[in-house]
Amino acid sequence: MPDTCDITIILAPKWDHREPSVATAYICQYLRFLGYRVQFLDYNIELYTLCKHLGFGEIWPSSTYHQAWIEGDMDPLVGLLDIERIESEVVGLSLTATNRSLSILLARRIRERYPNKKIILGGYALFFQSDLVGLPTAYADAVCKGEGEHTLRDVLERGFHGLQDVPGLYLPHNGGWRLTQERPLIRDLDAIPWPTFEEVDMGQYEVPDLPLVGSRGCIGNCIFCNDRIRAPLYRWRSAKGQVDELQYLKERYDTDFFIYNESLMNGHLKVLEEKADEIIRRGLDVKYGGNLMIRPDMGDDLFPKLRRSGLTVAVIGVESGSTPVLESMRKRHSREEAAAFVQKCHNAGMRVELNFIVGFPTETEERFHETLSFLRENRDAIDCVVSATTFNLIDSDITTQLDALGVVAYPYHTENSWHTRDRTNTYEIRRKRLDRLIETAADLGIETARTDVELQEHKTFDAGKVLEAYETEWRVKEDCPQDERARALERAHNMRRELRRGKAINLFDRLGLLRQVVWLRRKLLGLGPAP
């Protein structure tokens with residue numbers, strides 16, 4: 001296929017089926033702004049639409065299949081993605097936690113089919129050096145770390161030459177990946193055009209909502225959060241720019257609701273109020289929501305003004321009802337300040353959704369009871385516990401404080417494999433506390449949305465069932481061109497090959513021969529040592 005564009009941006013499954021990705025939208029918009037011709041392949045929503053048609057749409061929204069995507073059960077579905085549609089010689093893939101495994105497999109397929117195409121990976125799932133463990137260097141020419149706009153700009157300007165001089169890239173090195181150097185964060189967010197989503201087929205998404213970003217970074221200092229490591233500098237867009245965006249998207253798509261996908265909307269109170277004033281001045285009929293940090297310095301009159309501007313949903317990270325626990329988390333609020341903030345949001349007419357973390361190392365049984373009593377005392381102001389999680393160990397400041405906090409982490413630990421030295425805080429205890437939190441909320445009539453326990457449970461999925469349904473449909477389908485049927489059955493063949501490949505890998509793994517087989521294959525192909 002002749003080149004009709006300069007770069008193809010791909011979003012592989014699984015991403016949200018309700019609303020498009022704001023990350024890929026920003027990349028597409030910025031590249032168009034620079035004058036590049038951009039093709040966007042939204043394989044995620046296309047495969048969701050197909051699977052829903054075949055009777056398997058539940059594998060997207062159901063939390064019971066969350067781990068199946070992460071662990072690779074869904075990887076054979078990559079065979080149903082039509083890579084013949086890629087129009088450019090440069091391909092970029094955006095990786096998330098749930099599409100990482102399938103995206104890497106997709107990169108392999110693209111490399112095998114088009115060995116001369118340049119492939120660059122990026123996204124939230126490829127930031128830390130540890131995120132690249134297991135990523136074969138043969139599958140990509142480079143990996144973008146962190147914000148992608150300027151890094152991708154420099155890569156394209158150089159035509160993939162001299163990449164060792166481009167900051168913010170992981171490049172292949174001795175069978176693994178090495179970072180060139182850190183790239184400074186983008187300071188002027190108004191210099192980055194906001195996305196118009198013109199590359200997205202909005203009709204395929206089930207909810208007429210759009211994700212936005214009004215700031216990057218956070219003003220907080222939470223000990224458990226690695227977003228602060230990813231973006232240690234808080235930056236914001238101007239109020240006028242944000243309102244221009246709201247107005248344009250509302251008028252173009254008749255968007256019902258805008259969700260701000262950022263750490264906090266109220267990091268800069270002056271800009272937040274200016275934005276509310278401008279929305280009201282223009283008479284825009286919009287609804288929006290997002291994360292609000294508990295801030296005692298947020299004036300009482302700002303809450304009703306925000307509600308008049310369209311802020312209908314406030315997601316608040318209370319995390320704990322115990323002030324000592326909050327202090328050890330390095331949160332900026334106390335129990336009393338959290339209660340006052342929640343009440344102000346409720347009194348202004350906002351829907352109040354709270355986040356809680358259960359089982360922080362300094363949480364005792366008595367302090368956990370303070371969280372339960374926080375729910376009871378503020379029940380009238382709480383609409384939903386939108387996220388309740390047991391405390392996980394991730395790459396953050398907490399890893400340098402484990403001894404001081406009395407935490408014993410198991411060797412090669414998973415996120416939940418830790419306990420306190422005195423064993424008053426174990427995973428079993430955290431699980432039981434989480435259950436009690438959810439039960440308390442239910443008894444109070446408070447909605448609950450998701451827990452990390454649900455997301456961590458691995459319900460396997462037989463991707464072969466999708467293949468059977470797909471093949472059956474195309475074999476009996478009438479009134480379709482022969483070449484269309486042939487292409488569809490070729491994709492079925494590709495998926496069957498991926499299923500056989502997956503079964504072979506599992507067999508060698510069970511026999512303890514997988515490393516030897518990988519080594520032999522790479523040696524025969526001249527690919528060098530495995531990463």
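Computed from a prediction, not measured in an experiment: that's the story for all the values here.
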Working to the nearest 0.5 Å, report the span between CD1 of I10 and CG of L81. 8.5 Å
Is it the case that the side chain of D209 and the backbone of D256 share a donor-acceptor pair, with hydrogens and angles ignored and the cut-off at 3.5 Å? no
Can you tell me if E498 uses its side chain to pair, donor with acceptor, with the backbone of G79 under 3.5 Å? no
Could you list the residues that satisfy ring pair (Phe, Tyr, Trp, His ring centres under 6.0 Å) with Y48, not counting sequence neighbours? H17, W60
Residue pairs passing the salt bridge (Lys or Arg N to Asp or Glu O under 4.0 Å) test with at least one member in residues 39-49, sequence neighbours excluded, are E46-R85
Indicate whether the side chain of Q29 and that of T196 have a donor and an acceptor atom separated by less than 3.5 Å. yes
Any side-chain to backbone donor/acceptor pair from Y170 onto F127? Under 3.5 Å, distance only. yes
Is the side chain of W177 donor-acceptor paired with the backbone N or O of L135 at a distance under 3.5 Å, no angle test? yes
So, the side chain of N261 versus the backbone of P211: is there a donor-acceptor pair under 3.5 Å, distance only? no
Assess whether salt bridge (Lys or Arg N to Asp or Glu O under 4.0 Å) is satisfied between K477 and E484, documenting all intermediate values. CA-CA 11 Å; K477 201 169 203 176; E484 184 180 352; 5.2 Å; no
Taking NZ, NE, NH1 and NH2 as the nitrogens, is one of them in K240 or D244 under 4.0 Å from a carboxylate oxygen of the other? yes
Check whether N99 reaches the backbone of S94 with its side chain - one donor and one acceptor, N or O, closer than 3.5 Å. yes
R100 side chain to D131 main-chain N or O, any donor-acceptor pair under 3.5 Å? yes
Please tell me whether T8 and S88 have a donor and an acceptor in their side chains that are separated by less than 3.5 angstrom. yes
Is R109 positioned over the aromatic face of Y139, cation under 6.0 angstrom from the ring centre and no more than 45 degrees off axis? no
Is R111 paired with D141 through a side-chain N to carboxylate O contact shorter than 4.0 Å? yes
Under 3.5 Å side-chain donor-acceptor pair for Y288 and Q242: no
Do any N or O atoms from the side chain of R235 and from the backbone of I186 form a donor-acceptor pair under 3.5 angstrom? yes
Would you find more than 12 non-hydrogen atoms of other residues, nucleotides or ligands less than 6.0 Å from F33 atom CZ? no
Which pairs pass side chain to side chain donor-acceptor pair (under 3.5 Å) with one or both residues in residues 153-162, sequence neighbours excluded? D154-R183
Between W69 and P13 the two heavy atoms that sit nearest each other are CZ3-CB, 3.8 Å
How about T460 and D73: does a side-chain donor come under 3.5 Å of a side-chain acceptor? no
Considering all heavy atoms, the nearest A314-M350 contact: CB-SD, 4.0 Å
F461 and Y65 aromatic ring geometry - parallel, tilted or perpendicular at 30°/60° bounds: perpendicular
Aromatic Y26 / basic R216 pairing, under 6.0 angstrom, 45° off normal: yes
T389 side chain to I357 backbone, donor-acceptor under 3.5 Å: no
Please check if the side chain of R485 supplies one atom and the backbone of W474 the other of a donor-acceptor pair under 3.5 Å. yes
Does R32 pair with E199 as a salt bridge, N-O distance under 4.0 Å? yes
With the threshold set at 4.0 Å, does a side-chain nitrogen-carboxylate oxygen contact exist between K250 and E245? no
Just to verify, what does K14 make a side-chain hydrogen bond (donor to acceptor under 3.5 Å, both in side chains) with, not counting sequence neighbours? none
Exercise answer: donor-acceptor pairs, residues 51-59 side-chain atoms, under 3.5 Å, sequence neighbours excluded:
unit_1 : atom_1 : unit_2 : atom_2 : d
K52    : NZ     : E206   : OE2    : 2.8
H53    : NE2    : E473   : OE1    : 2.7
H53    : NE2    : E473   : OE2    : 3.2

Cut-off 3.5 Å, side chains only: do T4 and E87 have a donor facing an acceptor? yes
With sequence neighbours excluded, give me every salt bridge (Lys or Arg N to Asp or Glu O under 4.0 Å) pair touching residues 486-495. D82-R491, D483-R487
